[in-house]
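The structure displayed is predicted, hence computed values, not measured ones.
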Amino acid sequence: MALRVYNTLSARKEEFVPLTPGEVKMYVCGVTVYDHSHIGHARANVVFDVIYRYLRTRYAVTYVRNYTDIDDKIINRANKEGVTYDVISERYIRAFDEDMERLGLVKPTIEPKATEHIGEIIAIVQRLIDKGFAYPAGGDVYFCVEKFDSYLKLSKRNLDEMQAGARIEVDERKRHPMDFALWKEAKPGEPFWDSPWGKGRPGWHIECSAMSMKYLGESFDIHGGGKDLIFPHHENEIAQSEAANGKPFVKYWLHNGFVNINAEKMSKSLGNFFTIKEVLEKYDPEVLRFFLLSAHYRSPLDFSDQNLAEAGAGLERIYSALAAIARFDGEMAGDDVPAGTEAERELHEKLGGFMGRFEQAMDDDFNTAQSLGIVFELIRAVNRVLTEDGGESVAARAMFAAVRKAVAGVGEVLGVFTSEPGAYLERIKGRKVAGMEMSAAEIEQLIEERAAARAAKNFARSDEIRDYLLSRSILLLDGPQGTTWKVK
RNA sequence: GGCGGCGUAGCCAAGUGGUAAGGCAGAGCUCUGCAAAAGCUCCAUUCAGCGGUUCAAAUCCGCUCGCCGCCUCCA
């Protein structure tokens with residue numbers, strides 16, 4: 001089945017056909033590095049990480065994700081701290097890289113920095129001036145939006161209406177209020193690069209045009225970012241790039257939805273944001289990732305403790321099942337092992353359609369929420385075989401091996417289920433225990449005491465211990481191999 | 001004011017013309033000394049509301065209500 005993606009430019013789902021068969025060139029706007037990244041950044045980056053991972057299974061993908069390492073906010077922060085701009089940008093590039101690594105993102109093919117492409121930026125600005133799309137004004141250079149006919153085709157607005165609602169301070173040197181800066185003259189004390197228009201630095205949007213053009217060419221397949229970048233950032237990128245090159249810039253524009261807090265957008269200006277660092281102190285990175293993929297990437301996603309806890313419960317259910325089948329070291333035996341019981345037949349059926357259904361979900365505009373539902377269905381079938389038949393049969397063992405392989409395959413695309421199941425469960429347990437007043441050793445000791453009481457049929461004492469532990473959120477699980485415990 | 005999106009069970013969330021996935025929570029049963037976990041069964045005659053198109057609509061169209069986003073830096 002063919003991959004279909006929602007293209008912001010056409011405002012609908014389209015079949016994905018790369019410009020060059022077999023190859024995909026993809027650019028995603030990274031972060032402006034002036035502070036720690038928050039959950040909204042986590043979502044955008046995880047979403048495009050999954051898109052990249054999925055595309056990789058079918059195409060030779062070149063994935064570029066930039067760092068915008070020169071900008072007003074970086075300069076402001078540097079001034080506040082009394083350091084140079086690059087101290088700030090380097091610090092937060094490291095912080096971003098750390099966050100992304102913890103969230104299990106694969107590295108893009110290329111991670112260029114704006115400041116390393118000043119020459120390319122100047123060349124484009126010059127070309128735009130030569131072609132009459134831009135004009136110098138003082139030490140600034142502006143892009144002339146009226147010269148670019150299809151301006152606002154991505155955000156689907158029109159210039160006149162924009163003016164009516166605009167609250168921007170109009171610079172006298174601009175010919176049209178919506179003209180935007182390609183190059184900004186350096187004020188005293190600001191970092192600068194030499195240019196034909198004097199000392200200055202790039203405007204906000206031009207760096208993405210320069211870097212995408214350099215690494216992916218004048219026309220490429222996919223450009224991504226958060227919904228809030230549609231205007232003005234991506235709109236202006238289109239204007240600059242298409243005016244300079246005289247050809248279509250990007251074929252498919254993909255935009256992810258916001259992370260909300262109480263149904264409101266998480267943002268710096270509202271002050272209602274959580275940094276990735278803070279959240280990872282409380283939740284396992286894989287739980288956060290699982291949560292971010294539990295909704296379709298274009299939908300808004302409400303961030304709350306309850307929702308994170310639910311994601312954690314779901315992920316734990318999957319890992320528990322994987323841990324339960326880990327002890328069966330069955331071999332892959334193909335489809336020819338006859339399934340005996342009804343539960344085995346059900347598992348066989350779920351297993352047979354699994355990868356196809358997963359791909360179908362992902363082919364429909366990267367529907368990760370649906371794909372997780374498919375995983376849960378498989379897991380239930382596994383658990384059923386486990387409880388009803390014990391999972392000892394040759395057929396069951398063979399299917400368990402296939403389940404492990406299938407889940408690993410899905411995990412490779414989604415970037416979850418990548419831990420060894422037992423290790424994951426221990427990790428989660430350890431995280432919960434760390435926040436409690438009881439140590440694991442104390443718990444183990446009480447469990448031993450309870451085992452002795454049970455052996456002596458002293459159920460009153462046995463239950464007393466269990467209730468006591470339960471009051472401390474410790475749940476006991478009696479199994480054939482003895483008693484284990486987990487934190488509620 | 002302009003443009004855009006969303007509203008599916010107690011909660012989260014798929015489904016965009018063919019008769020409501022999945023998860024969390026909850027109830028009953030099996031298992032168990034009793035529990036827990038797991039499994040099984042149940043849990044939306046209905047998709048914000050009202051009209052319309054259609055053999056058929058949560059899905060298409062119109063209107064109403066509610067929420068949100070962009071138009072200023074933002075993932």
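Across B:G33, B:A14, B:C12, the shortest atom-to-atom separation from the side chain of A:Ala369 is found for B:A14. Comparing atom distances between the A:Asp228 side chain and each of B:U16, B:A75, B:A21 picks out B:A75 as nearest.
Taking atom CZ on A:Phe290 and atom C1' on B:A14, their separation rounds to 13 Å, with Å as the unit.
Nucleic acid contact class of A:Gly30 (heavy atoms, under 4.0 Å, all strands): sugar-phosphate only. Counting any heavy atom pair closer than 4.0 Å across all strands shown, A:Ser267 reaches a base atom. Residue contacts shown for A:Asn367 are limited to sugar-phosphate atoms, with no base heavy atom under 4.0 Å away. A:Lys265 comes within contact range of at least one nucleobase, with a heavy-atom separation under 4.0 Å. The residue A:Gly40 sits close to a base: some heavy atom pair falls under 4.0 Å. Contact annotation for A:Phe258: base contact, defined as any heavy-atom pair under 4.0 Å involving a base atom. Among the heavy atoms of the strands, none lies under 4.0 Å from A:His233. Here A:Asn256 lies in heavy-atom contact (under 4.0 Å) with a base. Counting any heavy atom pair closer than 4.0 Å across all strands shown, A:Leu477 reaches a base atom.
Across all strands shown, B:G28 is found opposite B:C40 as a Watson-Crick or G-U wobble partner, with both distances under 3.5 Å. Look at B:G4: its Watson-Crick or wobble partner, with both distances under 3.5 angstrom, is B:C68.
Judged by the 6.0 Å and 45° rule, A:Lys268 forms a cation-pi pair with A:Tyr34.
If you take atom P in B:C68 and the same atom in B:C12, they sit 15 Å apart, rounded to whole Å. For the P atoms, the distance from B:A37 to B:G23 is 16 Å, rounded to whole Å. On the C1' atoms, B:C60 is 9 Å away from B:U16, given to the nearest whole Å. Remark: the separation of the C1' atoms in B:A21 and B:U53 is 28 Å, to the nearest Å.
Remark: the A:Asn158 side chain and the B:G2 base include no donor-acceptor N/O pair separated by less than 3.5 Å. At a cut-off of 3.5 angstrom, counting only N and O atoms as typed in the model, there is no donor on one side facing an acceptor on the other between the side-chain of A:Ser299 and the base of B:G5. Residue A:Arg466 places a side-chain atom within donor-acceptor reach of the base of B:A35, judged by atom type and a 3.5 Å distance cut-off alone.
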Close N/O contacts between protein and nucleotides 23-27 of chain B (under 3.5 Å):
unit_1: B:G23; atom_1: N2; unit_2: A:Glu310; atom_2: OE1; d: 2.9

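When each of A:Lys486 and A:Tyr6 is assigned the nucleotide of RNA chain B with its nearest heavy atom, A:Tyr6 is the one assigned upstream, toward the 5' end. Place A:Arg157 and A:Asp71 on RNA chain B by their nearest nucleotides, and A:Arg157 ends up nearer the 5' end.
A salt bridge is absent between A:Arg289 and A:Glu286; no separation between the charged side-chain nitrogens and carboxylate oxygens falls under 4.0 Å. With respect to A:Glu81 and A:Arg91, a salt bridge is recorded, a charged nitrogen being found less than 4.0 Å from a carboxylate O. Between A:Glu316 and A:Arg431 there is no salt bridge, since no side-chain N of the basic residue sits under 4.0 Å from a carboxylate O of the acidic one. A salt bridge does not link A:Glu190 with A:Lys184: none of the charged nitrogens is closer than 4.0 Å to a carboxylate oxygen. Under a 4.0 Å N-O distance rule, the pair A:Arg201/A:Asp72 qualifies as a salt bridge. Salt-bridge annotation for A:Arg466 and A:Asp463: present, with a side-chain N of the basic residue lying under 4.0 Å from a carboxylate O of the acidic one.
A close approach under 4.0 Å does occur between a side-chain nitrogen or oxygen of A:Asn383 and OP1 or OP2 of B:G39.
For the salt bridge (charged side-chain N to carboxylate O under 4.0 Å, His left out) test with A:Asp364, the passing option among A:Lys13, A:Arg357, A:Arg4 is A:Lys13; the others fail.
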